[in-house]
Amino acid sequence: PFTHTNGTAGFTTPATASLGTAGVRVRLTSVSSPGSDGADGNGEVEDYVTTIGCAPVVVATQTLDAGAVGTPYSFSLSATGGVEPYTWNLVSGSLPAGLALSSAGVVSGTPTAATSGTSGSSVVLRAINSVGCQTSLTFTRKIFPLITLSPASLPNGTMTLAYNQTVSASGGSLPGT
């Protein structure tokens with residue numbers, strides 16, 4: 001749509017416009033009702049060239065939830081800005097073993113190995129909107145190791161008798177509580 005206020009003209013670029021340069025033709029007339037084609041009255045025609053750029057694409061998801069080895073995981077990423085839909089891809093790094101990224105922005109799978117270090121593994125993911133505008137963000141993903149307790153179940157106790165059973169843990173990382 002075109003607007004005019006106090007000698008200032010403005011227009012909104014349609015969402016379907018292509019990126020790059022575009023021509024804009026403005027016809028100014030000396031009458032308040034120039035007719036449907038703008039040709040009535042005295043006036044001036046000016047041609048302008050403008051560059052249509054990307055609206056900022058912003059990744060709305062800033063962190064990924066932590067996961068655990070052997071536990072199914074699913075997390076949806078989201079972005080805003082520009083024209084939907086968004087396509088997601090992996091720019092650098094790798095997701096933890098057992099996880100994959102769909103082009104719709106869903107990180108899912110069942111982790112098969114724990115990540116090392118205290119912060120986990122880092123990946124750079126990119127969101128690209130339907131007209132090619134894009135942004136990337138680094139995510140850190142922590143997969144905790146599976147902890148196994150032994151024995152798997154405790155023996156029954158008896159009322160009024162002292163109960164003592166040693167429980168041990170394996171897997172995980174130290175220190176543990």
Side-chain angles (χ1 to χ4, degrees), residues 1-5 8-26 46-150 152-153 169-177:
F2 179 79
T3 59
H4 174 323
T5 306
T8 302
F11 62 93
T12 302
T13 305
T16 57
S18 298
L19 299 177
T21 57
V24 177
R25 175 166 280 177
V26 178
E46 292 290 334
D47 291 323
Y48 297 93
V49 175
T50 187
T51 301
I52 300 172
C54 285
V57 175
V58 177
V59 176
T61 310
Q62 296 295 309
T63 60
L64 294 176
D65 291 342
V69 170
T71 302
Y73 179 86
S74 182
F75 190 89
S76 295
L77 300 162
S78 63
T80 60
V83 183
E84 295 181 345
Y86 298 94
T87 301
W88 292 83
N89 61 36
L90 181 67
V91 176
S92 65
S94 60
L95 289 167
L99 296 181
L101 171 67
S102 75
S103 62
V106 178
V107 178
S108 62
T110 302
T112 59
T115 53
S116 60
T118 57
S119 62
S121 61
S122 291
V123 294
V124 178
L125 303 179
R126 177 182 357 206
I128 305 170
N129 71 15
S130 65
V131 295
C133 301
Q134 59 186 288
T135 192
S136 298
L137 189 64
T138 300
F139 289 94
T140 301
R141 176 81 171 83
K142 180 71 177 165
I143 301 295
F144 293 99
L146 184 64
I147 298 173
T148 304
L149 298 178
S150 180
S153 63
S170 60
S173 56
L174 294 175
T177 56

Can you tell me how far the [atom1] atom of [X] sits from the [atom2] atom of [Y], to the nearest 0.5 Å?
{"X": "Leu64", "Y": "Thr140", "atom1": "CG", "atom2": "OG1", "value": "8.5 Å"}
{"X": "Ser103", "Y": "Tyr86", "atom1": "OG", "atom2": "OH", "value": "15.0 Å"}
{"X": "Arg126", "Y": "Leu101", "atom1": "CZ", "atom2": "CG", "value": "11.5 Å"}
{"X": "Leu95", "Y": "Ser122", "atom1": "CG", "atom2": "OG", "value": "11.0 Å"}

Would you check, one step at a time, whether the test side-chain contact (heavy atoms from CB on, under 4.5 Å) holds for Phe75 with Leu77? CA-CA 7 Å; Phe75 190 89; Leu77 300 162; 4.3 Å; yes
Disulfide (SG to SG under 2.5 Å): which pairs involve residues 50-93, sequence neighbours left out? Cys54-Cys133
Run the side-chain contact (heavy atoms from CB on, under 4.5 Å) test against Ser74 and tell me which residues pass, sequence neighbours left out. Val106, Ser108
Going by the side-chain hydrogen bond (donor to acceptor under 3.5 Å, both in side chains) test, which pairs reach into residues 54-67, not counting sequence neighbours? Thr61-Ser78
Would you name the heavy atoms of [X] and [Y] that are closest together and state the gap between them?
{"X": "Thr71", "Y": "Thr110", "value": "N-CG2, 3.9 Å"}
{"X": "Ile128", "Y": "Gln134", "value": "CG1-CB, 3.8 Å"}
{"X": "Ile143", "Y": "Ala113", "value": "CG2-O, 3.4 Å"}
{"X": "Thr115", "Y": "Pro96", "value": "CG2-CG, 3.9 Å"}
{"X": "Val124", "Y": "Ser136", "value": "CG1-CB, 3.9 Å"}
{"X": "Val123", "Y": "Leu90", "value": "CB-CD1, 3.8 Å"}

